[in-house]
Number of protein chains: 2
Amino acid sequence: MRREDFGEASCTVARTMDIIGDPWTPLVLRDVALGISRFDAVQANLGISRKVLTQRLQALVDHEVVERIAYQERPVRYDYVLTAKGQDLALVLLAIQSFGDKWLMPGQEPLIWHHLTCDHDTSPQISCRHCGGELRPGEAVPRRGPGFAEDEWPAVGAALDAVAPFLER
Amino acid sequence: MRREDFGEASCTVARTMDIIGDPWTPLVLRDVALGISRFDAVQANLGISRKVLTQRLQALVDHEVVERIAYQERPVRYDYVLTAKGQDLALVLLAIQSFGDKWLMPGQEPLIWHHLTCDHDTSPQISCRHCGGELRPGEAVPRRGPGFAEDEWPAVGAALDAVAPFLER
DNA sequence: CAGCGTCAGTTTCTCAAGGGAACTCAGTCG
DNA sequence: CGACTGAGTTCCCTTGAGAAACTGACGCTG
């Protein structure tokens, strides 16, 4: 597999990395998610080259993660705003941030999230959608799904076979 | 901010992207997390150049996300295994995969996760660590945390000010 | 012993992407 | 008119990616 094949791979990690698999895109997304929606504001906030920012924003628009909404006409100028897809991707950024909070700046989190629904400060937790319990390492075992491509990923298939005994009662 | 400053930024997304902010590292991590632990097996599975794989594995070891465990001595050969830090990062990969499942291969998920604790197939959900409810877009509002660097991120500060009214009752 | 195969890199060379800085264009304003 | 703003675009140099070959340290076999 080459980098340019990521978007066609039978692998949803690779397909997602086709969108966010570079150093800057997650940070651009983070800014847009926080409401920093103008080109110059993002550029100044991140200190990213205008060329790279242009490319990244265009890619995000192409992937329908971000949309351009005109805020003036003469000349036409855009706010960059998350789509519904982009909002789901922003939740992934929350998980990324949470990892960084815990391991890379412990006790010095730059941002704290307040959950309006329960009215408490919180952090994101990766949970089981079925039972609601925290998904801890080792507590979830993968098995083949409907789109698993055996010929494309033989080593993954073998790895799945190796953990299959854990799936049996 | 330049790419090389990511690891020092007062931003836990940037610090995490210092580790995984390239196309291949998340996929290498995914493989290691699945138990594909030998150099040649990862290389063949991903079709990545040996040079890039060497660099990526070394970076993961340097970041203490992955450790080398010798499985033979003559010559010395290593299995690559997730550390505890790496296992937490693998949970982030789960979130990445879940986004891809939903938006990029809907109904064709290559892998299904089985939660051993509740004995059901599941998928990861980003939840509120406090109340356990799903964190949905728009339901969490950020505010400054202890490590927030106002001078480094003025636009973020302004964005936080803009959403501050939502924090008040 | 020599030859071959395996595994985990390392090296070389070419092409692609990143990044800094300057430039461009389409406005508005004084 | 000139200056400024905002959103790009272009140019040039540096760095990284990728293909392919090479290397070294073994073990095994005839």
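Please read these numbers as outputs of a predicted model, since none were measured by experiment. Residue numbers start from 1 in every chain, and the chains themselves are labelled A, B, ... in the order their sequence lines are given, proteins ahead of strands.
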Student check: side-chain heavy atoms of [X] and [Y] closer than 4.5 Å:
X        : Y        : result
A:Phe6   : A:Arg15  : no
B:Arg144 : B:Glu150 : yes
A:Glu134 : B:Arg129 : yes

Nearest to the side chain of [X], which nucleotide is it out of [options]?
X       : options               : answer
B:Arg77 : C:dG9, D:dG24, D:dG8  : D:dG24
A:Lys51 : C:dG9, D:dT9, D:dG8   : D:dT9
A:Ser49 : D:dG8, C:dG19, C:dT10 : C:dG19
B:Phe39 : D:dA7, C:dA8, C:dG19  : C:dA8

Problem - Any side-chain donor near an acceptor of the partner, B:Asp119 and B:His114, under 3.5 Å - result: yes

Problem - Touch class at under 4.0 angstrom, heavy-atom based, for A:Gln55 against every strand present - result: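 Touches sugar-phosphate only.
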
Handout entry: Sugar-phosphate only, base, or nothing, as touched by B:Arg74 at under 4.0 Å among non-hydrogen atoms
Key = sugar-phosphate

Between [atom2] of [N] and [atom1] of [X], the distance in whole Å:
X       : N      : atom1 : atom2 : value
A:Leu57 : D:dT9  : CG    : P     : 12 Å
B:Tyr78 : C:dA8  : OH    : P     : 11 Å
A:Arg3  : C:dG18 : CZ    : C1'   : 14 Å
B:Arg68 : C:dC7  : CZ    : P     : 18 Å

Practice task
Measure distances between side-chain N and O atoms of A:Arg50 and base N and O atoms of D:dA7, and say whether any donor-acceptor pair falls under 3.5 Å.
Solution key: yes

Exercise for the section: Check whether any side-chain N or O of B:Thr83 sits under 3.5 Å from a backbone N or O of B:Glu64 as a donor-acceptor pair, and report yes or no. Expected result: yes

Problem - Test item: B:Trp103 side-chain N/O and A:Val65 main-chain N/O as donor-acceptor pair under 3.5 Å - result: no

Practice task
Mind listing the residues from residues 11-22 of chain B sitting with a heavy atom below 4.0 Å of DNA chain D? Number order is fine.
Solution key: none

